[in-house]
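Just below is one structure, and these are the notes that go with it.
The sequence lines fix the lettering, A, B, ..., with proteins before strands; numbering per chain opens at 1. Just so you know, these numbers use all the heavy atoms, side chains as well, and skip hydrogens, waters and symmetry mates. Remember, it's a predicted structure, so these values are computed and weren't measured experimentally.
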There are 2 protein chains.
Amino acid sequence: MIKYAEIESENIMKIMSIPEIKKYLSTNGIKPSLPRIKIFEYLNNYKSHPTADEIYNALIDDLITLSKTTVYNTMDLFLKHNIVIQILIEENEIRYDSLTSNHGHFKCIKCNKVYDFKYDLADISIKELEGFSLIEYHTYIKGICKSCNEK
Amino acid sequence: MIKYAEIESENIMKIMSIPEIKKYLSTNGIKPSLPRIKIFEYLNNYKSHPTADEIYNALIDDLITLSKTTVYNTMDLFLKHNIVIQILIEENEIRYDSLTSNHGHFKCIKCNKVYDFKYDLADISIKELEGFSLIEYHTYIKGICKSCNEK
DNA sequence: AATTAATTTGTAATCATTACATAAAAGAAA
DNA sequence: TTTCTTTTATGTAATGATTACAAATTAATT
């Protein structure tokens, strides 16, 4: 039973229905098998920026034959087809995000929640990088979130 | 025999002599033992942004009793005393930087070199993060460096 | 010199991720 | 349907960076 997470920034996060997810996967060249749909649903609709392990634990009660390897394989497939990006904030854990356009991440060091925020580093011109080809932009901030601050 | 790397951006990278390093460590509450001095020297003067493994391999011929654990311990000590920061660009490898003020990193996907560039995310005001306490800022870009582009 | 504290080291453990080979499922051909 | 082929999914073992830990070495203090 998946409950949707509260959406912090509606402007940059869209919940999809199962038919929409099926279509989205197909459109991006991915055959929409059950594990793929469920994994994408969890990633996109439920909880922000989970690790592979979190995805596995969230789905295993529902998809009782799911294996962790499948989660990893599926994330690699999603990556290859550019429908997810990896987020690196802590060493030793890769998180995933279904929002693929450039944006920033904020990780709260108290509650560990990861927030998206609108920010596109590609808009900035960096003199020192003239002559360089810029391909991927990453921005993240660590601190204490509003909700933890107010406690 | 350590040769100094060419410095790409003199403005944000300073080579230190051994006595300067000793003093810098002491000033920051770190007793300047031989391994600590050599590790800091390598980190600061020679090559930009090495992993613990790279530091170990670079120094083992000179400090023939050095152990990898010592490199890790020393980096943790440096971190605790805020004279280095960690850089995360690839999963599965932590790199270190002796430049601790906010700045960006560029990693070339061809030659794997990591460049510094001047950029302070703290200067940007991010509306969505009002009420949040921002503590650490991280910015990195991947692409192809000028030197590889020109080849 | 003897004692204590700090530093360094080697070995083993940890744990996320990957490799790989098999099993299961889906799709195509007959 | 049945058989054959391809794609997906799974379980187990391997990898490799980092950490834990205890012993050994070095430095500092009495």
By nearest atom, which of the nucleotides C/dC20, C/dT8, C/dG27 is closest to the A/Lys31 side chain? C/dG27
Please report, rounded to the nearest Å, how far the P atom of D/dT8 is from the CG atom of A/Leu25. 12 Å
Could you tell me whether the phosphate oxygens of D/dA9, OP1 or OP2, come under 4.0 Å of any side-chain nitrogen or oxygen in A/Ser33? yes
Between B/Asn73 and B/Tyr96, the residue closer to the 5' end of DNA chain D by nearest nucleotide is B/Tyr96
On the nucleotide D/dT10, are OP1 or OP2 found under 4.0 Å from the side-chain N or O atoms that A/Thr65 carries? yes
Find the distance B/Arg95:CZ to D/dT18:P and express it as a whole number of Å. 10 Å
Indicate whether any N or O donor in one side chain lies under 3.5 Å from an N or O acceptor in the other, for B/Ser133 and A/Asn149. yes
Distance below 4.0 Å between B/Tyr72 side-chain N/O and D/dT18 OP1 or OP2: yes
Closest to the side chain of A/Arg36, out of D/dT8, C/dG10, C/dT7, is D/dT8
Distance, rounded to the nearest Å, where B/Asp53 contributes CG and D/dT19 contributes P: 14 Å
Quick one: the side chain of A/Thr70 and the base of D/dT8, do they pair up donor-acceptor inside 3.5 Å? no
Atom CG of A/Leu59 to atom P of D/dT10: distance rounded to whole Å? 11 Å
Between atom CD of A/Glu136 and atom CG of A/Leu121, what is the distance when rounded to the nearest 0.5 Å? 12.0 Å
Looking at B/His49, B/Gln86, B/Glu54, which one forms a side-chain hydrogen bond (donor to acceptor under 3.5 Å, both in side chains) with B/Arg95? B/Glu54
Roughly, in whole Å, what's the span from CG in B/Leu63 to P in C/dT7? 17 Å
Between B/His105 and B/Asp116, a side-chain donor and acceptor under 3.5 Å: yes
A/Asn92 has an atom CG; how far is it from atom P of D/dA20, in whole Å? 11 Å
Without decimals, in angstroms, what is the distance between B/Leu77 CG and C/dT9 P? 14 Å
Ionic contact status for A/Lys142 with A/Glu90, cut-off 4.0 Å: yes
If you take atom types as modelled and just measure distance, does the side chain of A/Thr69 reach the base of C/dT17 with a donor-acceptor pair under 3.5 Å? no
Residue pair A/Ala52/B/Tyr56 against DNA chain C: nearer the 5' end by closest nucleotide is B/Tyr56
When rounded to whole Å, the CG to P distance for the pair B/Asp76 and D/dA17 reads 17 Å
